[in-house]
Number of protein chains: 2
Amino acid sequence: MAGIADVAALAGVSKSTASRALSGRGHVSATTRAKVVVAAETLGYVPSTTAVSLATGHTNSIGVIMPYVTRWFFAEVLEGVQQRLLEEGLDLTLYDAKPGTAARARVFDDFLARKRFDGLIAIGLEPEDRELERLLAIGCPLVSVVGIAGSVSVIAVDDDYATRRATEHLIGLGHESIAFLGGGGGEHWPQVERRRLEGYTAAMEDAGLAAHISHIRAAASLPASYNAAVDALGDVRSRPTGIVAVSDEVAVGGIIAARRLGIRVPGDLSVVGIDDHEYAEMFSLTTLRQVPREQGAAAVDLLLAHLADPEKPPQTIHMKARLIVRSSTAAPPE
Amino acid sequence: MAGIADVAALAGVSKSTASRALSGRGHVSATTRAKVVVAAETLGYVPSTTAVSLATGHTNSIGVIMPYVTRWFFAEVLEGVQQRLLEEGLDLTLYDAKPGTAARARVFDDFLARKRFDGLIAIGLEPEDRELERLLAIGCPLVSVVGIAGSVSVIAVDDDYATRRATEHLIGLGHESIAFLGGGGGEHWPQVERRRLEGYTAAMEDAGLAAHISHIRAAASLPASYNAAVDALGDVRSRPTGIVAVSDEVAVGGIIAARRLGIRVPGDLSVVGIDDHEYAEMFSLTTLRQVPREQGAAAVDLLLAHLADPEKPPQTIHMKARLIVRSSTAAPPE
DNA sequence: TTGAAAGCGTTACCAC
DNA sequence: GTGGTAACGCTTTCAA
């Protein structure tokens with residue numbers, strides 16, 4: 001491996017000049033720079049990142065910590081982050097921290113402390129107090145994409161708003177018996193789901209429909225919500241005319257369950273989701289669109305701003321979901 | 001930040017002794033070690049990874065390069081890799097390289113050359129010649145999870161076998177008119193899909209059913225295969241009695257399309273997929289199970305072996321998909 | 001078993 | 001504008 005010393009020798013200059021010529025920092029005459037650049041190219045010189053890091057004190061890498069890499073929202077945000085980082089020439093170091101695992105504890109206790117990164121992006125992390133403490137103790141800029149409230153920069157999505165809007169959409173169509181599908185299905189009940197449930201509840205109460213509030217519990221997956229919906233929609237008498245789902249995948253689970261039971265959507269049952277998932281169009285799903293990829297990109301931009309100006313106070317960027325009306329919602333039967 | 005010098009000072013020993021005591025390399029008396037360990041703990045000492053890297057020449061990090069982070073197979077493998085790496089205390093640096101993008105070119109030209117890792121895992125990469133060349137030029141151990149044939153260590157899945165087995169399963173049930181769903185839907189037609197198609201074709205030919213070979217093209221997503229299947233299954237006369245799908249998601253697209261058209265599964269149409277996806281059970285899908293997570297873990301193990309013994313020749317580990325019979329397949333009608 | 005000192009490959013300060 | 005040289009924080013050889 002050719003080092004900068006080799007480049008300098010070939011170009012007939014000193015290491016310092018070669019360094020300046022290549023990094024662009026400091027003044028070098030145009031002719032010298034040209035010589036150095038040519039030398040570097042002939043030698044196929046690539047600076048050692050570790051040496052650069054040691055000398056400069058920064059790693060040119062961003063850490064990303066997230067509880068799931070396989071779920072739609074998380075994977076999409078990750079992709080957005082990765083793309084933006086790539087444009088900036090920054091590496092991405094990934095930490096997977098599934099709630100309640102020993103691996104997660106290790107990530108917080110060992111891996112993060114190693115500080116292989118200049119800044120950290122947390123995606124939907126929802127850290128416990130102890131974990132958040134750890135996160136802050138690292139002492140490097142931190143931006144969260146949802147999952148953390150206040151005290152730290154965050155790309156936030158107004159979750160209550162989304163389900164409130166979804167619920168109001170159904171109410172506006174004339175529905176009264178509206179159930180909320182999803183959330184509270186497993187041991188771990190994420191904040192996002194709770195807030196979405198709250199938005200629904202608030203909208204129902206505001207509309208004087210408190211008596212109709214109904215929560216069909218289901219884990220946040222298509223199969224889980226399908227099963228839950230099959231059970232809940234079985235009885236014609238207790239069946240709602242509208243469903244607000246915690247996410248599009250859950251909404252689709254509900255729609256498939258309805259079809260299975262011979263319930264027409266939207267004829268007998270209106271369904272509205274949140275996300276505008278890849279599947280939404282195929283099921284003509286009315287939904288509240290959020291674009292996680294953009295949230296990821298925004299997180300990088302915000303982090304970069306913090307890196308550029310360490311004094312910059314924490315900032316919250318709100319992203320609002322937008323209602324996309326398709327044909328899974330209509331006026332209630334009769 | 002406390003450095004090893006501080007630890008050494010507090011323990012009343014030299015830097016070298018402190019280093020040996022902490023890293024476990026070299027001989028240190030038990031009492032000295034204890035003193036050093038205590039000192040390190042009181043100071044909250046965490047070694048600087050960049051300094052360690054510079055001194056030792058290795059980064060304690062593994063690079064992962066993959067074309068998609070959001071698709072099921074890729075995300076699952078990534079999770080497997082991440083988990084295994086975490087157990088080993090190794091960091092993971094992620095490179096997203098979507099085919100045909102400028103970003104991908106940058107990854108190969110700039111990012112990989114930086115060599116921020118001791119070894120590289122490629123997931124379903126299917127590199128072009130130029131890209132593979134680049135990959136090999138890096139000169140560090142490389143393990144591929146599918147996507148690369150020969151010359152390099154690879155965790156392989158026998159794709160022809162899977163679809164061949166799937167096709168034979170249908171033939172065994174008495175089907176003759178069997179179509180292949182998926183593949184060739186977009187500009188980019190991955191090798192995996194081609195090989196799966198070949199397995200189907202070979203099985204059909206071997207069974208003397210060449211005349212019934214039929215390929216319903218569709219991109220590898222649920223909505224795409226749904227649309228393709230709705231078109232293809234519309235005409236009763238030309239409709240096959242069996243479908244071998246390129247993946248479970250595609251199979252599910254086919255099943256939903258069939259339901260839409262009033263075609264009973266498996267009464268009128270048998271469908272078999274590949275993957276044993278999260279959705280398979282919900283649709284009672286007969287499928288060939290592969291467990292990408294295990295493939296990811298296996299890739300890490302193999303890479304670790306290469307790291308331990310640089311002379312170790314490239315090795316191919318075959319993983320065979322296993323037929324899981326559920327109730328989406330049955331004898332053909334009549 | 002321990003310590004001194006020489007790297008590891010850059011950058012950055014300070015003279016020239 | 002350029003070159004020498006001291007860091008950066010650790011590991012590792014070599015002597016003691």
Side-chain angles (χ1 to χ4, degrees), chain A residues 1-40 43-61 89 91 110 113-118 139-140, chain B residues 1-40 43-61 89 91 110 113-118 139-140:
Chain A
M1 292 296 283
I4 198 165
D6 304 309
V7 175
L10 181 57
V13 299
S14 70
K15 285 200 305 177
S16 13
T17 304
S19 172
R20 277 185 299 246
L22 293 171
S23 71
R25 274 182 288 259
H27 294 285
V28 188
S29 76
T31 48
T32 319
R33 158 169 296 118
K35 272 192 300 183
V36 174
V37 168
V38 169
L43 262 38
Y45 168 73
V46 178
S48 148
T49 48
T50 63
V52 173
S53 296
L54 188 57
T56 61
H58 45 80
T59 62
N60 274 314
S61 174
D91 280 306
D110 305 343
R114 301 221 275 252
K115 263 192 83 156
R116 255 205 141 69
F117 37 75
D118 300 327
C140 74
Chain B
M1 290 294 283
I4 199 166
D6 304 307
V7 175
L10 181 56
V13 298
S14 70
K15 282 200 307 177
S16 14
T17 304
S19 172
R20 278 186 296 248
L22 260 20
S23 71
R25 273 181 288 260
H27 296 284
V28 187
S29 76
T31 49
T32 320
R33 156 168 297 117
K35 272 192 301 185
V36 174
V37 168
V38 169
L43 261 39
Y45 168 72
V46 177
S48 149
T49 47
T50 63
V52 173
S53 296
L54 189 56
T56 62
H58 46 80
T59 61
N60 274 315
S61 173
D91 280 307
D110 305 344
R114 301 219 276 249
K115 262 191 83 154
R116 255 205 143 69
F117 37 75
D118 300 328
C140 76

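Numbers restart at 1 for each chain; the letters A, B, ... are given by sequence-line order, proteins then strands.
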J.: Taking all non-hydrogen atoms of both residues, which atom of R114(B) and which atom of V46(A) are closest, and how far apart?
T.: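 Minimum heavy-atom contact is CA-CG1, 4.1 Å.
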J.: Among all residues two or more places apart in sequence or in another chain, which pass the side chain to side chain donor-acceptor pair (under 3.5 Å) test with T56(A)?
T.: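 Applying side chain to side chain donor-acceptor pair (under 3.5 Å) to T56(A) gives none.
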J.: Identify each donor-acceptor pair in which a side-chain atom of residues 17-27 of chain B lies under 3.5 Å from a protein atom, sequence neighbours left out, and give them as a table.
T.:
| from | atom 1 | to | atom 2 | distance (Å) |
| --- | --- | --- | --- | --- |
| T17(B) | OG1 | S14(B) | OG | 3.1 |
| S23(B) | OG | S19(B) | O | 3.0 |
| S23(B) | OG | R25(B) | N | 3.3 |

J.: Reading DNA chain C in the 5' to 3' direction, which nucleotide is the first one with an atom under 4.0 Å from a heavy atom of chain A, and which is the last?
T.: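 The footprint of chain A covers dG9(C) to dC13(C).
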J.: So, using side-chain contact (heavy atoms from CB on, under 4.5 Å) as the criterion, who are the partners of L43(A) when residues are at least two apart?
T.: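 side-chain contact (heavy atoms from CB on, under 4.5 Å) check on L43(A) returns A2(A), D6(A), V7(A), L10(A).
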J.: Once rounded to the nearest 0.5 Å, what's the spacing between atom NE2 of H58(B) and atom OG1 of T50(A)?
T.: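 Output value for this atom pair is 11.5 Å.
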J.: Which parts of nucleotides 5-16 of chain D does protein reach within less than 4.0 Å, heavy atoms only, written one letter per nucleotide 5' to 3' as B for base, S for sugar-phosphate only and - for none?
T.: ---BBBSBB---
J.: So, using side chain to side chain donor-acceptor pair (under 3.5 Å) as the criterion, who are the partners of R33(A) when residues are at least two apart?
T.: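 Applying side chain to side chain donor-acceptor pair (under 3.5 Å) to R33(A) gives none.
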J.: On a heavy-atom basis, which atom in Y45(B) and which in G3(B) lie closest, and how many Å separate them?
T.: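 Minimum heavy-atom contact is CE1-C, 3.6 Å.
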J.: So which heavy atom on S53(B) is nearest to which on R116(A), and how close?
T.: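 In terms of heavy atoms, the two residues are closest at OG-NH2, 4.4 Å.
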J.: Return the residues of residues 32-40 of chain B meeting this criterion: a heavy atom under 4.0 Å from some atom of DNA chain D. Order them by number, or give none.
T.: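 Heavy-atom cutoff 4.0 Å gives no residues at all.
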J.: Would you say T59(B)'s side chain and D118(B)'s backbone share a donor-acceptor pair under 3.5 angstrom?
T.: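 Checking the backbone N and O of D118(B) against the side chain of T59(B), a donor-acceptor pair under 3.5 Å is found.
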J.: Can you sort out the partners of A9(B) under side-chain contact (heavy atoms from CB on, under 4.5 Å), two or more places apart, ordered by chain and number?
T.: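 With sequence neighbours excluded, A9(B) shows a side-chain contact (heavy atoms from CB on, under 4.5 Å) to no residue whatsoever.
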J.: Residues in side-chain contact (heavy atoms from CB on, under 4.5 Å) with A51(B), at least two apart?
T.: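 A51(B): side-chain contact (heavy atoms from CB on, under 4.5 Å) contacts with L54(A), S48(B).
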J.: If the condition is salt bridge (Lys or Arg N to Asp or Glu O under 4.0 Å), which residues does D110(A) pass it with, not counting sequence neighbours?
T.: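 R106(A).
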J.: Report the end-to-end axis angle of the helix from dT1(C)-dA16(D) to dC16(C)-dG1(D); each axis comes from five terminal pairs, and the value is rounded to 10°.
T.: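 Roughly 40°, once rounded to the nearest ten degrees.
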